[in-house]
Amino acid sequence: MERVRICVVGTGRAGTLHARNFLYQIPRAELVALVDSVPSQLHKAMRELKGEVQGFVSLTEALGSVAFDAVLIATSTITHADLVEEAASQKKHVFCEKPLAVTLEECRKIIGAVKSAGIKFQIGFMRRYDPAFQEARRKIEEGLLGEIILIKSTGRGPGLPPEWAWDIRKSNGILAEVNSHDFDSIRWLSGSEFKRVYAEAGNFRTPDVRRKYPDFYDHAVVTLRMENGAMGVVDSSCPVGYGYDARVEILGAKGMMQIGELKNKGVSICTQEEGLVSSVYRGWPERFAEAYLAEDRAFVDGILEDHLPSPDAYDGLRAVEVVLAANRSIETGRVQEVNRIL
Ligand SMILES: NC(=O)c1ccc[n+]([C@@H]2O[C@H](COP(=O)([O-])OP(=O)(O)OC[C@H]3O[C@@H](n4cnc5c(N)ncnc54)[C@H](O)[C@@H]3O)[C@@H](O)[C@H]2O)c1
């Protein structure tokens, strides 16, 4: 096989970003099909992408109509488990957007299906492919900071996620949809598993959403203890309006390290009238463009060169476990142990 033929399922915000990468930026990938259960959304994506791509309203229909090797799943989280199971049953390799799933039962189903089909499975924690996150991890592994004491991860989104994510029972809320990345970063950078969690949350900006979905919170602070003793804090807000704010600070026994800043790569301008003005990252597609491309490329290369995919379904599961525990903590007001189910 010289090129990996790919079907992208879900042509919303994340799906079109990946589809564009496969179509225009990754020569070893061939985007052959797009699937979206909403025909108007599918046609919009097909018009925009302008490739030799066929469109379908279900994965089942695509599987029966066109040949491909891999599926990228970027649909609402509650649909991930069934879609992964269906793709795996046909021996298609799978890239699945985070969060892995909503419930632990769905996670088990995904891991079981991936194992029994013997397919490659990669989860969309793209920060692991961001050059700054990678450099930080390398330096930590080299011992530059000594023992890791505290990792603070700020994850604030400019706008609300789509409405399907507002119902906590269908999505696990913004700790899952926005901050899965922060939890994964803390776990990856500390090199340790979650032990316990305490979380506070509140609704400060979106009373209208809360009227419709009474459990909806738009801000949270989560404190974590890792098994190796390190501590973590996730600072979650959405919608902050001012930009996509993804910053991490790591405190170690020998020093401190910061990853990321709100200011983008553009110029800073200082004038007498306005003082110092810099432009900021407005959204995640812009802040992590390089990382999305690198993770998509790694998925394709991994299939062609038979590498173990990373991050994998277990990395996805660990983030679901901690999010569920944090939501239990918000609900009960108590510290929760984070138990690993597999
Ligand atoms: N890695 C990241 O930074 C990142 C960023 C955004 C979204 N995501 C994840 O990507 C997934 C999608 O999020 P989004 O913001 O793109 O959502 P979205 O609502 O913009 O798009 C989802 C699309 O999937 C379609 N869909 C839903 N169920 C389907 C099914 N069974 N078959 C075919 N199509 C179906 C919907 O019609 C919709 O067009 C979520 O899991 C989300 O958490 C990840």
Side-chain angles (χ1 to χ4, degrees), residues 7-21 33-46 48-49 55-63 71-87 94-102 106-107 110 122-130 133 153 155-168 170-185 238-239 244-246 260 281-296 298-299 311 315-316 319-320 323:
C7 168
V8 168
V9 185
T11 61
R13 304 180 313 159
T16 47
L17 185 153
H18 291 290
R20 263 183 246 119
N21 283 346
L34 290 176
V35 173
D36 202 293
S37 50
V38 175
S40 57
Q41 181 63 34
L42 174 67
H43 294 135
K44 182 168 160 250
M46 289 185 66
E48 190 214 307
L49 288 162
F56 303 95
V57 290
S58 70
L59 175 59
T60 312
E61 202 189 322
L63 284 165
V71 176
L72 183 139
I73 296 170
T75 53
S76 32
T77 308
I78 204 164
T79 66
H80 289 182
D82 286 345
L83 290 167
V84 173
E85 196 174 45
E86 184 173 10
V94 175
F95 181 111
C96 183
E97 261 304 348
K98 53 46 68 177
L100 183 63
V102 177
E106 291 166 0
C107 294
I110 289 174
Q122 189 175 322
I123 183 114
F125 287 134
M126 78 292 173
R127 290 186 187 184
R128 294 191 184 208
Y129 286 87
D130 177 78
F133 278 79
S153 190
R156 301 182 189 149
L160 282 172
E163 186 163 353
W164 55 259
W166 302 355
D167 184 345
I168 288 189
K170 292 188 179 157
S171 69
N172 293 328
I174 66 167
L175 283 183
E177 286 306 314
V178 178
N179 304 109
S180 287
H181 293 298
D182 301 278
F183 289 111
D184 182 64
S185 298
C238 182
Y244 185 70
D245 198 355
Y281 286 115
R282 287 288 171 196
W284 44 269
E286 183 194 359
R287 165 62 183 90
F288 285 107
E290 225 177 320
Y292 291 114
L293 180 57
E295 69 173 357
D296 288 339
F299 177 58
D315 297 309
V320 176
V323 165

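Whatever order the structure lists them in is the order used to number ligands and atoms, beginning at 1.
In this structure, the protein non-hydrogen atom closest to atom 42 (C) of ligand 1 is Glu177 OE1, 3.3 Å. In terms of protein heavy atoms, atom 9 (C) of ligand 1 is closest to Lys98 O, 3.3 Å. Glu97 OE1, 3.2 Å is the protein heavy atom nearest to atom 44 (C) of ligand 1. Counting only heavy atoms of the protein, atom 19 (O) of ligand 1 lies nearest to Trp164 NE1, 2.9 Å. For atom 33 (C) of ligand 1, the closest non-hydrogen atom of the protein is Ser37 N, 3.4 Å. Remark: minimum distance from atom 21 (O) of ligand 1 to any protein heavy atom is reached at Gly12 CA, 3.2 Å. Shortest contact from atom 3 (O) of ligand 1 to any protein heavy atom: Tyr292 OH, 2.6 Å. Taking atom 38 (C) of ligand 1 as the reference point, the nearest protein heavy-atom neighbour is Asp36 OD2, 3.5 Å.
Of the heavy atoms in Val9, only side-chain atoms (C-beta onward) come closer than 4.0 Å to ligand 1. Heavy atoms of Thr75 found under 4.0 angstrom from ligand 1 belong to the backbone as well as the side chain. At a heavy-atom cutoff of 4.0 Å, ligand 1 is contacted by both the backbone and the side chain of Arg13.
Residues Ile78 and Trp164 form no side-chain contact, since every pair of their non-hydrogen atoms from C-beta on lies 4.5 Å or further apart. Annotation: side chain of Pro158 is not in contact with side chain of Arg282 (no heavy-atom distance under 4.5 Å). Contact of the Asp130 side chain with the Glu290 side chain is not registered, since no non-hydrogen atoms from C-beta on lie closer than 4.5 Å. For the pair Val71 and Leu83, the minimum side-chain heavy-atom distance is 4.5 Å or more. Counting only heavy atoms from C-beta outward, the side chains of Trp284 and Leu17 approach each other to under 4.5 Å.
Salt bridge status for Lys44 with Asp36: absent, with no side-chain N to carboxylate O gap under 4.0 Å. Using a 4.0 Å cut-off between charged side-chain N and carboxylate O, Arg127 and Asp182 make a salt bridge.
Taking every heavy atom of His80 and a limit of under 4.0 angstrom, the matching atoms of ligand 1 come to 41 (O). Each of the following atoms of ligand 1 lies closer than 4.0 Å to a heavy atom of Ser76: 27 (C), 28 (N). Against a heavy-atom cut-off of under 4.0 Å, Gly124 is close to the following atoms of ligand 1: 1 (N). Heavy-atom proximity to Trp284, at under 4.0 Å, picks out these atoms of ligand 1: 5 (C), 6 (C). Against a heavy-atom cut-off of under 4.0 Å, Ala14 is close to the following atoms of ligand 1: 6 (C), 7 (C), 8 (N), 10 (O), 16 (O). For ligand 1 and Met126, the ligand atoms under 4.0 Å from any heavy atom of the residue are 1 (N), 3 (O). Numbered from 1 in the order shown, with element, the atoms of ligand 1 that lie under 4.0 Å from a heavy atom of Pro99 read 41 (O), 43 (O). The atoms of ligand 1 that sit less than 4.0 Å from any heavy atom of His181 are 1 (N), 2 (C), 3 (O).
Using a 4.0 angstrom heavy-atom cutoff, Ala74 counts as in contact with ligand 1. Ligand 1 has no atom lying under 4.0 Å from any heavy atom of Phe125. For Phe288, the heavy-atom gap to ligand 1 stays at 4.0 angstrom or more.
The neighbour count for Glu286 CD, taken as heavy atoms of other residues, nucleotides or ligands under 6.0 Å away, is above 12.
A cation-pi arrangement, defined by a distance under 6.0 Å to the six-membered ring centre and an angle within 45 degrees of its axis, is absent between Arg287 and Tyr244.
For Trp166 (side chain) and Pro161 (main-chain N/O), a donor-acceptor pair under 3.5 Å exists by modelled atom type. For Gln122 (side chain) and Glu295 (main-chain N/O), a donor-acceptor pair under 3.5 Å exists by modelled atom type. His80 places no side-chain N or O within donor-acceptor distance of the main-chain N or O of Ile73, the cut-off being under 3.5 Å.
By the 30° and 60° cut-offs, the orientation of the rings of Phe288 relative to Phe133 is tilted.
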